[in-house]
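The next block holds one structure in the form of structure tokens; read it before the comments.
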Amino acid sequence: MDNGFFDFDKRILLAAEKAEKSAAADFGYINDVTEYNQQKVLFSFIRNAVSEADFGASTGYAYGDRGREKLDRIYAEVFGGEDALVRHSFTCGTHTLAVALYGILRPGDTMLCVTGTPYDTIHGVIGISGKSKGQGTLADLGVEYRQTELDNNGKPDFEKIAEDVKKYKPKMVYIQRSRGYSLRPSLSVDVIGRIVSCVKSICNSVVMVDNCYGEFVEKNEPLDVGADIIAGSLIKNAGGGIARSGGYIAGKKDLVELCSYRMTTPGLGREVGATFGENRNMFMGVFNAPHVVGEALKTAAFSASLFSGFDFEVTPAPGEIRHDIIQSVCLENPEKLIAFCEGMQSGAPVDSFLTPEPWDMPGYDSKVIMAAGAFIMGASIELSADAPLREPFAVWMQGGLNYHSAKAGIMLAAQKMLDKGLI
Ligand SMILES: *Cc1c(COP(=O)(O)O)cnc(C)c1O
């Protein structure tokens with residue numbers, strides 16, 4: 001519908017109407033998952049008797065911060081763990097994942113990633129690329145890294161996983177749930193459960209899941225199907241667009257405790273950590289997270305429909321069940337990719353007047369262009385798009401705090417491409 005605020009071409013308006021109609025079934029499924037997860041979170045708030053007193057600001061050592069401790073319990077319950085650590089002071093997802101890795105792994109241990117090459121920024125932590133050598137990477141500390149490649153369809157290769165687990169007897173098996181900057185399918189919780197069974201039938205490795213972008217996308221989480229430890233970022237799904245920074249680790253009690261000694265120091269662990277009044281945002285964030293993830297999923301489903309209607313290859317395809325909030329669109333060349341990002345940026349609630357440009361982002365191996373006009377810098381639960389300038393010139397888009405606004409952002413991306421004669 002043309003509401004008169006944006007100068008949408010008729011072609012874009014018609015295509016959007018058609019895309020929304022054809023995404024109706026996806027929306028129905030998404031609503032069902034959202035309702036389930038929203039009740040799960042609400043139930044946990046009620047069981048833990050969350051109250052105004054939990055939002056108080058602690059300073060200094062902050063022993064016995066009640067809100068902090070309650071929030072840990074809520075994350076543990078919601079994600080199916082025995083225990084959890086949730087802190088605004090985790091600076092990002094990479095930091096949180098690194099704390100879990102350093103918390104659990106020791107010199108001489110082997111870490112086996114069974115989902116192919118991990119997310120770019122984790123390379124530096126493990127010491128895969130060599131660029132961060134000497135900075136205290138896992139490799140510097142004598143942790144051996146091994147990797148099981150995905151099969152030709154980008155799916156976990158169960159035979160090879162079993163073979164590698166037998167061969168390396170890894171202390172940790174590492175699984176990445178989301179696709180990251182690749183075109184492989186993201187993993188369903190069900191498939192994660194099958195990997196866990198496969199590993200545990202051979203060897204008692206700790207199974208860790210990088211849960212970034214996966215939280216609340218399904219009714220179950222990896223800990224529900226036997227994973228031992230998960231971690232993720234609060235400026236993605238798990239913070240509901242309200243947490244201003246941070247991360248969480250959840251899982252088995254003894255493992256979470258080990259992580260706590262890396263998060264602060266051996267001896268102190270989780271007992272310290274001032275919250276400075278961030279508790280309210282953190283509680284509101286996890287409370288809103290199921291709904292916000294639902295809005296992001298609807299935005300992704302709409303985008304898949306819209307851009308497949310313009311004959312672009314999209315992953316996931318329209319109608320496909322989603323296992324993370326990411327939607328990729330293969331835009332074929334840098335011009336289309338840049339136009340897409342410019343258009344999306346022009347529809348952001350914050351910084352709409354900026355023009356995104358490709359740049360060398362720390363931790364990434366090629367130039368990246370990003371569209372993001374977010375209330376929280378870099379928050380990818382807000383509508384945003386990242387695109388490394390490399391084949392196949394795919395844009396990975398995600399987020400949308402609310403569907404209606406994000407839909408307009410997506411339509412503006414298409415409009416910009418039309419303006420430049422690219423669709
Ligand atoms: C985002 C992400 C990370 C890293 O999180 P940052 O907050 O960007 O440091 C790691 N793994 C996956 C799969 C991610 O999506």
Side-chain angles (χ1 to χ4, degrees), residues 86-102 111 113-126 128-129 132 137-138 147 150 154 156 172 174-189 191-192 208-218 221-222 227 229-241 243-250 263 285 289 293 296-297 300 315-316 322-328 359 361-365 368 370 372 374 376-388 394-399:
V86 193
R87 296 295 183 277
H88 70 85
S89 49
F90 285 127
T91 58
C92 60
T94 307
H95 179 201
T96 315
L97 288 158
V99 166
L101 291 170
Y102 283 101
M111 166 186 179
C113 178
V114 295
T115 46
T117 309
Y119 192 79
D120 287 46
T121 57
I122 307 299
H123 297 193
V125 176
I126 299 170
I128 297 178
S129 57
S132 51
T137 63
L138 290 169
Q147 186 171 303
L150 297 164
M172 176 187 284
Y174 185 86
I175 296 169
Q176 184 181 307
R177 181 173 175 183
S178 171
R179 72 194 57 223
Y181 286 148
S182 79
L183 289 170
R184 73 146 165 105
S186 49
L187 267 56
S188 66
V189 170
V191 166
I192 291 172
M208 170 167 167
V209 178
D210 171 353
N211 209 28
C212 283
Y213 287 134
E215 300 92 348
F216 302 117
V217 171
E218 298 185 48
E221 296 288 340
I229 192 106
I230 60 173
S233 164
L234 294 195
I235 64 167
K236 294 181 179 173
N237 304 20
R244 299 198 292 180
S245 78
Y248 73 91
I249 296 169
M263 176 178 76
V293 168
L297 287 168
T315 329
R322 289 164 190 279
H323 305 298
D324 64 17
I325 63 166
I326 314 272
Q327 178 66 46
S328 65
W359 66 301
M361 193 179 165
Y364 295 85
D365 290 337
V368 177
M370 296 186 158
I376 290 160
M377 287 298 282
S380 45
I381 188 62
E382 302 187 47
L383 183 64
S384 50
D386 313 340
V395 71
W396 278 262
M397 49 146 294
Q398 63 272 317

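Heavy-atom basis, side chains included; hydrogens, waters and symmetry copies ignored. Just so you know, ligand 1 is whichever comes first in the structure, and atom 1 is the first atom listed for that ligand.
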Short list, please: which atoms of ligand 1 are under 4.0 Å from a heavy atom of [X]?
X      : value
Gly93  : 5 (O), 6 (P), 7 (O), 9 (O)
Thr94  : 4 (C), 5 (O), 6 (P), 9 (O)
Gln176 : 13 (C)

Can you check whether [X] has an N/O within less than 3.5 Å of an N/O in ligand 1?
X      : value
Asp210 : yes
Cys92  : no
Tyr213 : no

Only one of Gln398, Arg179, His323, Arg177 passes side-chain contact (heavy atoms from CB on, under 4.5 Å) with Tyr213; say which it is.
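In the set Gln398, Arg179, His323, Arg177, the residue that makes a side-chain contact (heavy atoms from CB on, under 4.5 Å) with Tyr213 is Gln398.
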side-chain contact (heavy atoms from CB on, under 4.5 Å) partner of Pro156, the single match among Val191, Val114, Ile175
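With Pro156 as partner, side-chain contact (heavy atoms from CB on, under 4.5 Å) holds for just one option, Val191.
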Considering all heavy atoms of both residues, which atom of Glu218 and which atom of Arg322 are nearest to each other, and what is their separation?
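It is CG-O, 4.4 Å.
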Of the non-hydrogen atoms in Pro316 and Gln327, which two are nearest, and what is the gap between them?
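Nearest heavy atoms, Pro316 then Gln327: O-NE2, 3.0 Å.
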Student check: side-chain heavy atoms of Met377 and Ile235 closer than 4.5 Å:
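With C-beta onward as the side chain, the pair stays apart.
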Any idea which part of Leu97 is under 4.0 Å from ligand 1, heavy-atom wise: side chain, backbone, both or neither?
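Side chain only.
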Residue part near ligand 1, for Arg177, under 4.0 Å between non-hydrogen atoms
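Neither part.
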Min heavy-atom dist Lys236 to ligand 1 below 4.0 Å:
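True for this residue.
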With Arg184 via salt bridge (charged side-chain N to carboxylate O under 4.0 Å, His left out) - residues at least two apart:
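Counting only residues at least two positions away or on another chain, Arg184 forms no salt bridge (charged side-chain N to carboxylate O under 4.0 Å, His left out).
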Spatial distance of atom CE (Met111) from atom CG (Leu138) [nearest 0.5 Å]
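Taking CE in Met111 and CG in Leu138, the distance rounds to 6.5 Å.
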